[in-house]
Asks: 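Dumping the structure here so I can ask a few things about it.
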Amino acid sequence: MSTDGPYEILDDRFRTGRCANGDSGLEVLYDGCRWAEGPLYVPAWRQLVWSDIPNDRILRWDEATGSVGVFRTPAGHSNGNTLDRRGRLVTCEQGNRRVTRTEPDGTVTVLAERFDGKRLNSPNDSVVRSDGAIWFSDPDFGITSDYEGHRAESEIGACNVYRIDPVSGEVRLAADGFDGPNGVILSPDERQLFVSDSRAARIHAFHIREDGTLSDGRVFAEGRGDVHFDNIRFDDEGRLWAAALHDGVHCYDPDGTLIGRLRVPEPVSNIAFGGPKNNRLFITATTSLYSLVMSVTGAPRL
């Protein structure tokens with residue numbers, strides 16, 4: 001093991017893959033949050049939006065000026081944000097217990113709020129496939145207390161991953177058996193869905209059938225000790241990067257080997273690639289928004 005600035009090299013593949021190149025230190029872009037999550041770079045705006053969940057707001061950082069402002073408040077104690085194939089903002093509102101889409105005129109369309117007639121728990125993260133299908137995680141994090149949502153009993157009685165059908169809009173069960181499903185991401189070829197289970201300290205991988213259902217679930221990575229995973233992202237060479245809370249940001253080779261870490265001074269909640277070249281890693285960590293310009297490039301954008 002060796003270290004170089006924020007980079008901790010655990011396997012030589014982290015070095016030979018140029019993962020340890022780039023900025024020699026993290027840049028603090030903002031530090032006024034209560035608990036920051038859900039970073040998303042929007043190329044058309046040249047801005048990053050992210051959620052400050054307990055303060056019930058979505059913030060935005062402007063790349064050209066470096067200024068930070070409020071994008072939306074109240075925001076339904078929003079958590080994860082992503083873009084659909086038309087560049088529209090898709091948001092998991094864990095306080096409002098729903099998944100929404102922001103239209104070009106600013107109106108909000110509800111995409112999912114119930115499954116089998118029962119209210120969702122508190123949607124956390126989502127990902128959109130090229131055919132318009134949306135997968136999202138639904139842990140109970142937003143209903144266990146009033147800190148990041150509204151305390152309530154679960155109507156479903158489980159924490160699952162769901163799929164929104166791109167044609168009918170129907171919400172269907174995609175995968176169950178999780179303790180606390182959190183980050184969701186598609187593999188770059190869209191053939192697999194990866195899901196982090198924070199409470200179980202695991203990252204799962206599923207094969208996606210032609211009809212959108214999942215099969216062949218397996219454990220891709222497992223945390224040790226006090227390591228728990230939040231959201232996850234791919235780079236363009238198939239490596240998986242994971243927000244690992246108190247253990248910084250993990251980098252996994254496609255074979256599931258942990259090959260390196262990024263050390264961050266606060267517990268890391270979420271990460272996202274962005275910037276003009278998609279090689280700037282944005283990191284939300286407790287109260288702060290950090291960035292690191294790297295020689296690694298994120299998986300291709302929508």
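Nothing fancy with the numbering, it's 1 onward along the sequence.
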Asks: Tell me every residue that passes side chain to side chain donor-acceptor pair (under 3.5 Å) with Ser130, counting only those two or more places apart in sequence or in another chain.
Replies: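 Partners of Ser130 by the side chain to side chain donor-acceptor pair (under 3.5 Å) criterion, ordered by chain and then number, come out as Glu190.
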
Asks: Trp241 ring centre to Arg233 NZ or CZ under 6.0 Å, with the angle to the axis within 45°?
Replies: no

Asks: Quick one: OG on Ser269 to CD1 on Ile283, what's the gap to the nearest 0.5 Å?
Replies: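 Ser269 OG to Ile283 CD1: 10.0 Å, rounded to 0.5 Å.
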
Asks: Would you call Arg34-Asp56 a salt bridge at under 4.0 Å N-O?
Replies: no

Asks: Is the distance between the ring centroids of His150 and His77 under 6.0 Å?
Replies: yes

Asks: Only one of Asn182, Asn124, Asp179 passes side chain to side chain donor-acceptor pair (under 3.5 Å) with Ser198; say which it is.
Replies: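 Testing Ser198 for a side chain to side chain donor-acceptor pair (under 3.5 Å) against Asn182, Asn124, Asp179 leaves exactly one candidate, Asn182.
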
Asks: If you apply the rule ring-ring contact (aromatic ring centres under 6.0 Å, His included), what do you find for Phe71 with Trp45, and how did you get there?
Replies: CA-CA 12 Å; Phe71 174 75; Trp45 303 348; 5.7 Å; yes

Asks: Applying the side chain to side chain contact (heavy atoms under 4.5 Å, CB included) criterion to Leu289, which one of Asp52, Val68, Leu59, Leu48 satisfies it?
Replies: Leu48

Asks: To check you understand the geometry: which heavy-atom pair defines the closest contact between Val171 and Leu111, and what is its length?
Replies: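 That closest heavy-atom pairing would be CG2-O, 4.4 Å.
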
Asks: With clusters defined by side-chain heavy atoms of hydrophobic residues (ILVMFWY) lying less than 4.5 Å apart, directly or transitively, does Val227 cluster with Phe220?
Replies: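 Per the 4.5 Å side-chain linkage, Phe220 and Val227 are co-clustered.
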
Asks: Phe115 and Ile156: side chain to side chain contact (heavy atoms under 4.5 Å, CB included), yes or no, with the steps?
Replies: CA-CA 8 Å; Phe115 169 69; Ile156 295 173; 4.3 Å; yes

Asks: State whether Arg86 and Glu103 are salt-bridged, where the test is any N-O pair (Lys NZ or Arg NE/NH1/NH2 against Asp/Glu carboxylate O) under 4.0 Å.
Replies: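 Between Glu103 and Arg86 there is no salt bridge, as every charged N stays at least 4.0 Å from the carboxylate O atoms.
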
Asks: If you take all heavy atoms of Gln192 and Ile208, which pair is closest and at what distance?
Replies: C-CD1, 3.7 Å

Asks: Would Arg199 and Asp140 count as a salt bridge (charged side-chain N to carboxylate O under 4.0 Å, His left out) here? Give the steps.
Replies: CA-CA 11 Å; Arg199 291 192 177 115; Asp140 58 5; 2.7 Å; yes

Asks: Is the shortest side-chain N to carboxylate O distance from Arg224 to Asp247 below 4.0 Å?
Replies: no

Asks: Taking all non-hydrogen atoms of both residues into account, name the closest pair between Arg239 and Pro254 and its distance.
Replies: CG-CD, 4.1 Å

Asks: According to the interplanar angle, ranging from 0 to 90°, do the rings of Tyr252 and His250 count as parallel (below 30°), tilted (30 to 60°) or perpendicular (above 60°)?
Replies: tilted

Asks: Do Glu8 and Arg261 meet the salt-bridge criterion of a basic N to acidic O distance under 4.0 Å?
Replies: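 So Arg261 pairs with Glu8 through a salt bridge.
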
Asks: Determine whether Val90 and Asn81 satisfy the following criterion, side chain to side chain contact (heavy atoms under 4.5 Å, CB included), listing intermediate values before the conclusion.
Replies: CA-CA 6 Å; Val90 175; Asn81 298 286; over 6 Å; no

Asks: Do Tyr30 and Val264 share a hydrophobic cluster (ILVMFWY, side-chain heavy atoms under 4.5 Å, transitive)?
Replies: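 Not linked; separate clusters.
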
Asks: For the residue pair Glu266 and Ser288, confirm or rule out a side-chain donor-acceptor distance under 3.5 Å.
Replies: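 Yes, because at least one side-chain N or O of Glu266 sits under 3.5 Å from a partner of the opposite role on Ser288.
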
Asks: When rounded to the nearest 0.5 angstrom, what is the spacing between CG in Asn270 and CD1 in Ile232?
Replies: 10.5 Å

Asks: Which atom names give the shortest non-hydrogen contact between Thr297 and Lys277, and what distance separates them?
Replies: CG2-O, 3.6 Å

Asks: Before you tell me yes or no, could you show the steps for Asp116 and Arg114 under salt bridge (charged side-chain N to carboxylate O under 4.0 Å, His left out), namely the whole-Å CA-CA distance, both residues' side-chain angles and the distance that decides it to 0.1 Å?
Replies: CA-CA 7 Å; Asp116 199 22; Arg114 293 181 180 272; over 6 Å; no

Asks: Do Phe282 and Trp61 have their ring centres less than 6.0 Å from each other?
Replies: yes

Asks: Check whether more than 12 heavy atoms from other residues, nucleotides or ligands sit under 6.0 Å from atom CZ of Arg191, and answer yes or no.
Replies: no

Asks: To the nearest 0.5 Å, what is the distance between CG on Leu292 and CZ on Arg280?
Replies: 9.5 Å

Asks: Assess whether atom CZ of Arg88 is packed by more than 12 heavy atoms of other residues, nucleotides or ligands within 6.0 Å.
Replies: yes

Asks: Is it true that Asp211 and Arg209 have a side-chain N and a carboxylate O under 4.0 angstrom from each other?
Replies: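 The answer is no: the pair does not qualify as a salt bridge.
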
Asks: Please examine the side chains of Arg218 and His204, heavy atoms only from C-beta on, and report whether any two atoms are closer than 4.5 Å.
Replies: no

Asks: Let's go through Asp165 and Arg172 carefully: what are the C-alpha distance in whole Å and the side-chain angles of both, what is the deciding distance for side chain to side chain contact (heavy atoms under 4.5 Å, CB included) to 0.1 Å, and is it a yes or a no?
Replies: CA-CA 8 Å; Asp165 186 86; Arg172 301 173 181 172; 3.4 Å; yes

Asks: Roughly how far apart are Arg101 CZ and Ser126 OG, rounded to 0.5 Å?
Replies: 12.0 Å

Asks: In terms of hydrophobic clusters joined by side-chain contacts under 4.5 Å, are Ile58 and Val42 together?
Replies: yes

Asks: Go through the side-chain N and O atoms of Thr91 and Thr100 and say whether any donor and acceptor fall under 3.5 Å apart.
Replies: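 No - no donor-acceptor pair under 3.5 Å links their side chains.
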
Asks: May I ask you to check whether Trp35 and Tyr147 place their ring centres under 6.0 Å from each other?
Replies: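 Not under 6.0 Å, so no.
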
Asks: Do Asp125 and Val127 come within less than 4.5 Å of each other through their side chains, counting heavy atoms only?
Replies: no

Asks: For the CZ atom on Arg151, are there more than 12 heavy atoms of other groups (residues, nucleotides or ligands in this structure) within a distance under 6.0 Å?
Replies: no

Asks: What pairs with Phe136 under ring pair (Phe, Tyr, Trp, His ring centres under 6.0 Å), at least two apart in sequence or on another chain?
Replies: Tyr162

Asks: After noting the C-alpha distance and the side-chain angles of Ser291 and Leu26, does the key distance pass the side chain to side chain contact (heavy atoms under 4.5 Å, CB included) rule?
Replies: CA-CA 6 Å; Ser291 82; Leu26 295 170; over 6 Å; no

Asks: Would you say Phe141 ends up clustered with Val184 if hydrophobic residues are merged whenever their side chains have heavy atoms under 4.5 Å apart, either directly or through other cluster members?
Replies: no

Asks: Say whether Ile203 and Leu10 are linked into one hydrophobic cluster, either directly or through other cluster members, by side-chain heavy-atom distances under 4.5 angstrom.
Replies: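 Same cluster.
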
Asks: For Phe229 and Gly223, work out which heavy atoms get closest and say how close.
Replies: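 Scanning both residues, the minimum pair turns out to be CE1-N, 3.5 Å.
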
Asks: Are Tyr41 and Phe273 an aromatic pair by the rule of ring centers under 6.0 Å?
Replies: no

Asks: I want to check something: taking the side chain as every heavy atom from C-beta on, are Thr257 and Asp11 in contact at a cut-off of under 4.5 Å?
Replies: yes

Asks: Are Glu63 and Arg46 ion-paired here, with the side-chain N under 4.0 Å from a carboxylate O?
Replies: yes

Asks: Out of curiosity, Thr102 OG1 to Leu89 CG, how far, rounded to the nearest 0.5 Å?
Replies: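 Going from OG1 on Thr102 over to CG on Leu89, the span is 4.5 Å.
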
Asks: What's the shortest heavy-atom distance between Ala20 and Ile9, and which atoms?
Replies: CB-CD1, 4.1 Å

Asks: Would you give the length of the straight line joining atom OG of Ser295 to atom CG of Asn279, rounded to the nearest 0.5 angstrom?
Replies: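 If I round to the nearest 0.5 Å, the distance is 8.0 Å.
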
